[in-house]
Enquirer: 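My structure is below; once you've seen it, I'll send some questions.
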Amino acid sequence: MKALTLLQAAAALRSGTVSSVSLLEQSFAAADIWDSRLGIYLTRTDELALAAAQRADDELAAGRDRGPLHGIPFGVKDLIAVAGLPTTAQSLVQHRFRHPNHDAPVVARLRAAGAVLTGKTSTMEFGCGTPDPEKPFPIPLNPWDRTCWAGGSSSGTASGIATATVLSGLGTDTAGSIRMPAAFCGVTGLAPSFGLLPASGCIPLAPSLDRVGPLAHGARDCAAVLTALTGQSAGANDPFALPAYGAGLSGLRIGLVREHHFPSGADPALRGVFDDAVSVFSSLGAYLAEVSLPLWNEAITATMVTVSVEGLAHHHAQLSTQWQAYTRSARGLLALGALISEADYLQAQRVRMAVQELTDQLFETVDVIVCPTAAISAPTSTELTDESGLQDPKVFAKIFTPYWSATANPVLSMPIGRNAAGLPLAAQVAGPRMGDAVTLRVAAAFQDHTTWHEPRTPPVASVISAPGAGE
Amino acid sequence: MNAPDVAKPYAAVLATGLPASGAEPDAIAARYREMRPAIAALYAVLPPAELRICGPTSNEANTL
């Protein structure tokens with residue numbers, strides 16, 4: 001069976017060419033191939049999923065249609081509570097919240113919309129840091145090159161979508177944890193406007209930054225998930241309904257940001273790939289203007305200060321007693337928070353407010369802003385840390401997600417091309433506060449006229465002859 | 001908590017009460033030292049507002 005996007009699968013379900021159970025069997029087959037090779041899941045829920053898929057099919061047969069997510073396999077990042085299942089945060093430290101007795105609201109809403117949970121997907125420990133081979137957890141690898149990282153921290157959700165193991169899923173984004181793995185795995189991920197979705201039931205990293213959001217193949221798929229996540233229904237009153245397929249962007253103003261985004265060491269293909277994407281926007285009738293993001297360096301610093309200080313506030317007690325249980329890069333990032341003064345933290349929040357004010361002003365002149373998600377494709381797993389075991393700042397400085405974390409704006413990452421090695425390159429589309437609909441609309445219009453987001457078999461499949469085969 | 005004495009990185013990290021040991025305190029303090037100029041720059045772009053009874057206002061950006 002050909003790999004499908006969420007909305008293609010939804011249409012196929014209603015035309016009777018597939019069933020929820022057959023979609024799930026396809027997901028199981030993909031998981032059997034990929035999970036052990038890429039570290040997609042921490043927990044698979046095959047039996048529960050099969051029962052849910054059967055219910056979904058029975059309901060559709062009886063004329064009850066819950067909307068586009070009905071019968072669709074989805075994964076949930078293991079920072080998000082699912083009733084009765086372990087929520088490990090991919091950490092040896094996590095005990096208190098291990099078996100929650102209720103779904104996080106975002107999970108409950110997806111289930112109410114008929115989506116079929118297939119399991120809990122891999123992450124970085126507590127949503128931060130980098131993989132640690134000393135710990136007994138999967139190392140999330142990239143479907144396009146297994147020497148490379150899947151990106152983090154919504155790693156398994158992104159690599160699961162790229163391999164048709166799931167058709168959509170949930171991630172969380174504090175400094176880029178939805179957008180970065182989406183970019184590196186070649187799928188689409190949306191960090192919705194801060195506050196649009198409830199973060200309760202999700203293990204926090206930095207509560208003033210944390211967002212929950214959808215990943216899927218395309219922006220139209222993400223819009224369908226966002227509708228369900230906000231408790232809305234598809235149809236006439238859907239706040240995230242998009243224009244018909246193929247609609248242009250006539251009259252829309254797109255701000256393009258190149259400044260800071262093509263540093264020394266950027267992928268040689270990035271400039272051409274980004275220019276090609278700009279040409280697509282131009283051909284769709286959008287008005288294009290080069291813009292500059294205010295307080296670029298300061299916004300990124302403010303985000304990183306906030307992550308460390310708020311993260312430490314959550315973890316201080318456990319760090320004090322279980323230091324060695326944390327991964328080296330996570331505990332280093334959190335411990336930085338103990339060296340940052342209260343005044344510095346508060347100044348970082350003042351700067352965030354200023355950045356928000358200034359970006360609000362910028363969005364009076366443009367409808368959305370487009371810039372590369374990262375200057376690089378997925379780095380190799382060995383490039384992520386320096387000799388001390390902490391995150392290598394030279395690598396992470398080339399990932400541009402933290403700027404938009406400092407603000408409350410919705411921001412989406414989508415694939416826009418590939419580099420010479422065939423690895424995905426991506427762009428961010430940011431909208432005004434609570435402008436999730438226009439953000440999705442611009443990405444959808446781009447994807448209506450390009451194919452980078454469409455399901456395709458990752459090249460590593462060519463070395464695997466059959467499910468369960470050796471390397 | 002005051003800004004740590006990063007001239008003594010090992011001691012600065014140990015003073016946090018976190019049980020880092022071996023080479024880690026030096027590595028963490030070194031990372032903080034690298035961040036210091038960027039943190040100092042936060043004050044340069046947005047100087048402390050005049051003393052006021054209320055907190056920062058939505059017009060904070062106008063002080064830029």
Side-chain angles (χ1 to χ4, degrees), chain A residues 294-305 308-309 312 315-324 326 328-329 331-361 385-394 397, chain B:
Chain A
L295 299 179
W296 170 257
N297 289 314
E298 293 77 11
I300 293 170
T301 302
T303 293
M304 301 324 294
V305 165
S308 287
V309 173
L312 179 68
H315 286 278
H316 194 284
Q318 289 165 310
L319 275 171
S320 298
T321 57
Q322 301 182 68
W323 178 263
Q324 295 293 339
Y326 282 84
R328 193 173 287 268
S329 62
R331 69 194 187 214
L333 188 147
L334 296 168
L336 265 179
L339 299 177
I340 296 167
S341 73
E342 297 95 328
D344 292 344
Y345 172 77
L346 289 172
Q347 183 67 5
Q349 306 319 304
R350 291 180 69 224
V351 167
R352 285 179 62 194
M353 291 172 61
V355 174
Q356 185 68 75
E357 293 269 352
L358 293 168
T359 52
D360 284 351
Q361 292 171 20
T385 53
D386 60 17
E387 61 283 353
S388 69
L390 302 182
Q391 281 186 195
D392 190 333
K394 293 191 295 297
Chain B
M1 167 175 39
N2 295 315
D5 182 358
V6 293
K8 301 171 183 171
Y10 204 92
V13 175
L14 294 186
T16 66
L18 299 175
S21 60
E24 273 191 293
D26 273 335
I28 294 165
R31 192 56 51 85
Y32 174 73
R33 269 202 306 273
E34 290 164 12
M35 283 182 74
R36 250 338 290 172
I39 292 173
L42 299 179
Y43 294 91
V45 296
L46 194 64
E50 290 177 25
L51 213 56
R52 47 168 90 106
I53 294 172
C54 301
T57 72
S58 60
N59 291 324
E60 195 87 62
N62 295 337
T63 63
L64 285 169

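Residue numbers start from 1 in every chain, and the chains themselves are labelled A, B, ... in the order their sequence lines are given, proteins ahead of strands.
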Enquirer: List the residues meeting side-chain contact (heavy atoms from CB on, under 4.5 Å) with B:Ala20, not counting sequence neighbours, and say none if there are none.
Expert: A:Trp323, B:Val13, B:Glu24, B:Pro25

Enquirer: Checking the side chain of B:Tyr43 only, and the main-chain atoms of A:Asp344 only, is there a donor and an acceptor separated by less than 3.5 Å?
Expert: yes

Enquirer: For residues B:Leu46 and A:Ala354, report the shortest heavy-atom separation together with the two atoms involved.
Expert: CD2-CB, 4.2 Å

Enquirer: If we define contacts as heavy-atom pairs under 4.5 Å, which of A:Arg328, A:Gln349, A:Glu298 has the most with chain B?
Expert: A:Glu298

Enquirer: In Å and rounded to the nearest 0.5 Å, what is the CZ to CG distance from B:Arg31 to A:Asp392?
Expert: 7.0 Å

Enquirer: Within the distance-only criterion (no hydrogens, no angle test), does the side chain of A:Gln324 pair as donor or acceptor with the backbone N or O of B:Pro19 below 3.5 angstrom?
Expert: no

Enquirer: Please state whether the side chain, the backbone, both or neither of B:Ala23 comes within less than 4.5 Å of a heavy atom of chain A.
Expert: neither

Enquirer: Could you report the tightest heavy-atom contact between B:Ala38 and A:Thr301, atom names first, then the distance?
Expert: CB-OG1, 3.4 Å

Enquirer: Most heavy-atom pairs under 4.5 angstrom with chain B, which of A:Ser320, A:Ser308, A:Pro294?
Expert: A:Ser320

Enquirer: Under the side-chain contact (heavy atoms from CB on, under 4.5 Å) rule, collect the residues that match up with A:Asp360, sequence neighbours excluded.
Expert: A:Gln356, A:Arg433

Enquirer: About how many Å separate CE of B:Met35 and CG of A:Leu339, when rounded to the nearest 0.5 Å?
Expert: 9.5 Å

Enquirer: Counting heavy-atom pairs under 4.5 Å with chain A, which one of B:Leu18, B:Leu42, B:Thr16, B:Ile39 comes out on top?
Expert: B:Leu42

